[in-house]
Amino acid sequence: MLSAAHPGDKMSLMPRKTSKESSGSRLAEVRASRIEKLARMRELGVEPYPNGFPDREVIGAARERAEGANVRVAGRLVLWRRHGGATFAMLRDQSGQIQLHLRRDILGEDRYEVLKLLDVGDFIGAEGPLFTTRTGELTVEVRQLTVLTKTLLPLPEKWHGLTDPETRVRKRHLAFITDPDAMGILAKRAEFVRHLRAFLDGEQFLEVATPALERIPGGADAEPFVTHYNALDTDFYLRISLELAHKRLIVGGFERVYEIGRVFRNEGLSREHLQELDLLEFYWAYADLDALKRFVERLYATVIEETFGTLQLPYGDQVLDFAPPWPESDFGELFRGIGIDLDEYSTAESLRPVAEERGLTVGPGLGRGRLIDMIYKQAIRPTLIQPQFLVNHPVDLSPLAKRDPADPGRVQRLQVMMAGSEVGNGYAELNDPLDQRSRFEEQQRLREAGDREAHMLDEEFLEALEYGMPPTVGFGVSIERWLMYLTDSPSIRDVVAFPATRPPAAPAAPDGEAE
RNA sequence: GGGCCGCUAGCUCAACUGGCAGAGCAGCUGACUCUUAAUCAGCAGGUUACAGGUUCGAUUCCUGUGCGGCUCACCA
């Protein structure tokens, strides 16, 4: 009789408040108590951290079995209700949860006493027949119980869960325990990416891997991270896009390539921006912009349907309808809609007062393209709600896109817009090496004038173009941005396992480490 | 970077106009063999984010710092 034999021990094992090192107070007390339980388990011959739990069945599957069937399940205890000689518990694994019923008269006195050493949060394995309680809850009548992992720290509160947004991002593991929906989004992401690959593979696109460390980062308007390569004693940049490497592959003779790769942008945090993100880019030789439009519609519709089972997805109080064909909006038309005819403002100087009138803070040295972009983002982009193609952008906005033969001031480009945000960008790639050089030189000039996001001149890339790149269309989209809208997530951080956070408040750094 | 808001026990939250920092959950002890946020009795648990200031007295008022959220500007 364990209960009779050990009351004295239990008292002596109670965590006494040790004056030293008790700063965590309650938490320290709980932890100390659990370490004592751990020791008691070992005294009783129960190993608290055994290896594996063979032949277990996932709870979701066990729940499908007939009443009376013997099931063998494992998971984390999330609820614990003791009623004298009978105990109810809730066991959860990744597939779901199921109630356990543990009875003294079934388990026997000794084994029932071991239950006192268990806490909510511990992992256990349980085996026994299924039955339904009076109140209709599917339950395992536990015959065999195995401790799988003893936990030392308590879980967040069972009813309210973890709501403090700071703790939720800093201790994401706790957020996942508390909120299975958060976990579900990551599972959706995996499924979505799998369907994306399957679609592109099925269209004879070759998946490639290109370097993340570059000497000249390019292909996007973004400020890069810098790092240092010791062996060469040289600074490298982390890539900001996949674009230029892929075009060099097209020069090399590849005709359809794609990559889903991590890129890094040294920019601020916001609801819809991360510092590292997975970009899907693909490049397709001999296709034109119209073919790209049809292809992109089909890609989105197929993958969305396969992943979510529908083409109508809610975002906030909107419903986004991805059924093709999508409408097109003309960049210049939209500007005329807010009373600006871009043809009348051919220079940055003439456009600057227009931007200032709208309350935009226009730094020095910004080019015409950047000013147009600022006005667009303030006044036009938020109004583009339903999935659609935005087309006919000014050339100033698109240093890597081919000009429209009908109007050299515009380019052959499409942006996929939804919910007031850009979720996809493609164009007929510029393959005129001399035009490309002069546009890089223009970007270089803007860069020197203070635009830190203007493109750097990439001599290797220019040389590659001189060997000839066939007519090619390319497309890029951030997986996270895309999923944020598809999963109705208020923040892009919700679709990432571990979003970046500032270092926690420094607990008085040891000296010498400062600077 | 700017503006606004927040930070109190492990978690979720109270504390009036400046007057002994409280409750629920979790924890510990005990009761209870069909519970559903189980219930009941008892116990314990705090550098009120941090540093200053005002005051007889600060969780509360003031200043600064840190971290976070929202938002504006900029980037997918």
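Side-chain atoms are counted along with the backbone in the values below, which use heavy atoms only and exclude waters and symmetry mates. Chain naming here is simple, since letters A, B, ... match the order of the sequence lines and numbering starts at 1 in each.
- The residue among A/Arg381 and A/Lys37 whose nearest nucleotide of RNA chain B lies closer to the 5′ end is A/Lys37.
- Within the 4.0 Å cut-off from OP1 or OP2 of B/rU12, at least one side-chain nitrogen or oxygen of A/Thr163 is found.
- At B/rA76, one or more side-chain N or O atoms of A/Lys377 fall inside 4.0 Å of OP1 or OP2 (strictly under the cut-off).
- Relative to the side chain of A/Leu162, the nucleotides B/rA76, B/rC11, B/rA73 differ in distance, and B/rC11 lies closest.
- When heavy atoms are screened at a 4.0 angstrom cut-off, A/Glu422 is found touching the sugar-phosphate backbone but no base atom.
- Contact annotation: A/Arg82 does not reach the phosphate of B/rA38 (side-chain N/O to OP1 or OP2, under 4.0 Å).
- Residue A/Arg265 has its side chain nearest to B/rA76 when only B/rG69, B/rA76, B/rA37 are considered.
- Here the nucleotide nearest the side chain of A/Ala86, chosen from B/rG27, B/rU35, B/rU33, is B/rU33.
- With B/rA38, B/rG69, B/rA73 as the candidates, the nucleotide lying closest to the side chain of A/Leu79 is B/rA38.
- Here A/Arg103 pairs with A/Asp105 under the salt bridge (charged side-chain N to carboxylate O under 4.0 Å, His left out) rule; sequence neighbours left out.
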Show me the donor-acceptor pairs within less than 3.5 Å that the side chains of residues 76-87 of chain A make with the rest of the protein, sequence neighbours left out.
residue, atom, partner, partner atom, Å
A/Arg76, NH1, A/Gly121, O, 2.9
A/Thr87, OG1, A/Tyr112, OH, 2.8

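- Residue-level contact check: A/Gln99 touches the bases, meaning some heavy atom is under 4.0 Å from a base atom.
- Not counting sequence neighbours, A/Glu214 has no partner by the salt bridge (charged side-chain N to carboxylate O under 4.0 Å, His left out) test.
- For A/Phe199 and A/Phe282, the ring centers sit 6.0 Å or farther from each other.
- Side chain of A/Arg103, nearest nucleotide from B/rA73, B/rG27, B/rU33: B/rU33.
- The side chain of A/Pro154 lies closest to B/rG10, out of B/rU33, B/rC28, B/rG10.
- As judged by a 4.0 angstrom heavy-atom cut-off over every strand, A/Glu223 is placed among residues making no nucleic acid contact.
- As judged by a 4.0 angstrom heavy-atom cut-off over every strand, A/Asn266 is placed among residues making no nucleic acid contact.
- Between the P atoms of B/rC5 and B/rG24, the separation comes to 33 Å (whole Å).
- Using a 4.0 Å heavy-atom criterion, one finds that A/Tyr485 contacts no nucleic acid atom at all.
- If you check B/rU35, B/rC34, B/rA73 against the side chain of A/Met374, the one that comes closest is B/rA73.
- Applying the salt bridge (charged side-chain N to carboxylate O under 4.0 Å, His left out) test to A/Arg42 and every residue at least two apart in sequence or in another chain returns A/Glu47.
- Side-chain polar atoms of A/Asn70 and A/Arg65 form no donor-acceptor pair below 3.5 angstrom.
- Side-chain atoms of A/Glu29 lie closest to B/rA44 of the nucleotides B/rC28, B/rA76, B/rA44.
- Annotation for A/Lys188: atom NZ counts as buried by contact number, over 12 foreign heavy atoms lying within 6.0 Å.
- Nucleotides of RNA chain B nearest to A/Gln275 and A/Thr132 differ in position, and the one nearer the 5' end is that of A/Thr132.
- Residue-level contact check: A/Gly476 touches neither bases nor backbone, having no heavy atom under 4.0 Å from any strand.
- Candidate nucleotides B/rA37, B/rG27, B/rC34 were compared by shortest atom distance to the side chain of A/Arg81, and B/rA37 ranks first.
- The phosphate of B/rG69 (OP1 or OP2) has a side-chain N or O of A/Arg493 nearer than 4.0 angstrom.
- Spacing between atom CD1 of A/Ile492 and atom P of B/rU71 amounts to 14 Å, rounded to whole angstrom units.
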Could you pull out the protein-nucleic contacts involving nucleotides 1-5 of chain B (nitrogen or oxygen on both sides, under 3.5 Å)?
none

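- Counting any heavy atom pair closer than 4.0 Å across all strands shown, A/Leu274 reaches a base atom.
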- Using Watson-Crick and G-U wobble pairs with both distances under 3.5 Å, what is the 5'-to-3' dot-bracket string of RNA chain B, with [ ] for crossing pairs and | for pairs outside the strand? (((((((..((((.....[..)))).(((((.......))))).....(((((..]....))))))))))))....

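- Taking side-chain N and O atoms only, A/Arg170 has a distance below 4.0 Å to OP1 or OP2 of B/rG68.
- Straight-line distance between the P atoms of B/rA9 and B/rU59: roughly 14 Å, to the nearest whole Å.
- Comment: A/Arg439 does not engage A/Glu442 in a salt bridge, judged by the lack of any side-chain N to carboxylate O separation of less than 4.0 angstrom.
- Using cut-offs of 30° and 60° for the angle between ring planes, the A/Trp482 and A/Tyr300 rings count as tilted.
- Side-chain contact annotation: A/Tyr485 with A/Gln318, donor-acceptor N/O pair under 3.5 Å absent.
- For the residue pair A/Thr133 / A/Gln99, no side-chain donor-acceptor distance below 3.5 Å is found, with atom types taken as modelled.
- If you check every strand for non-hydrogen atoms under 4.0 Å, A/Asn425 touches nothing.
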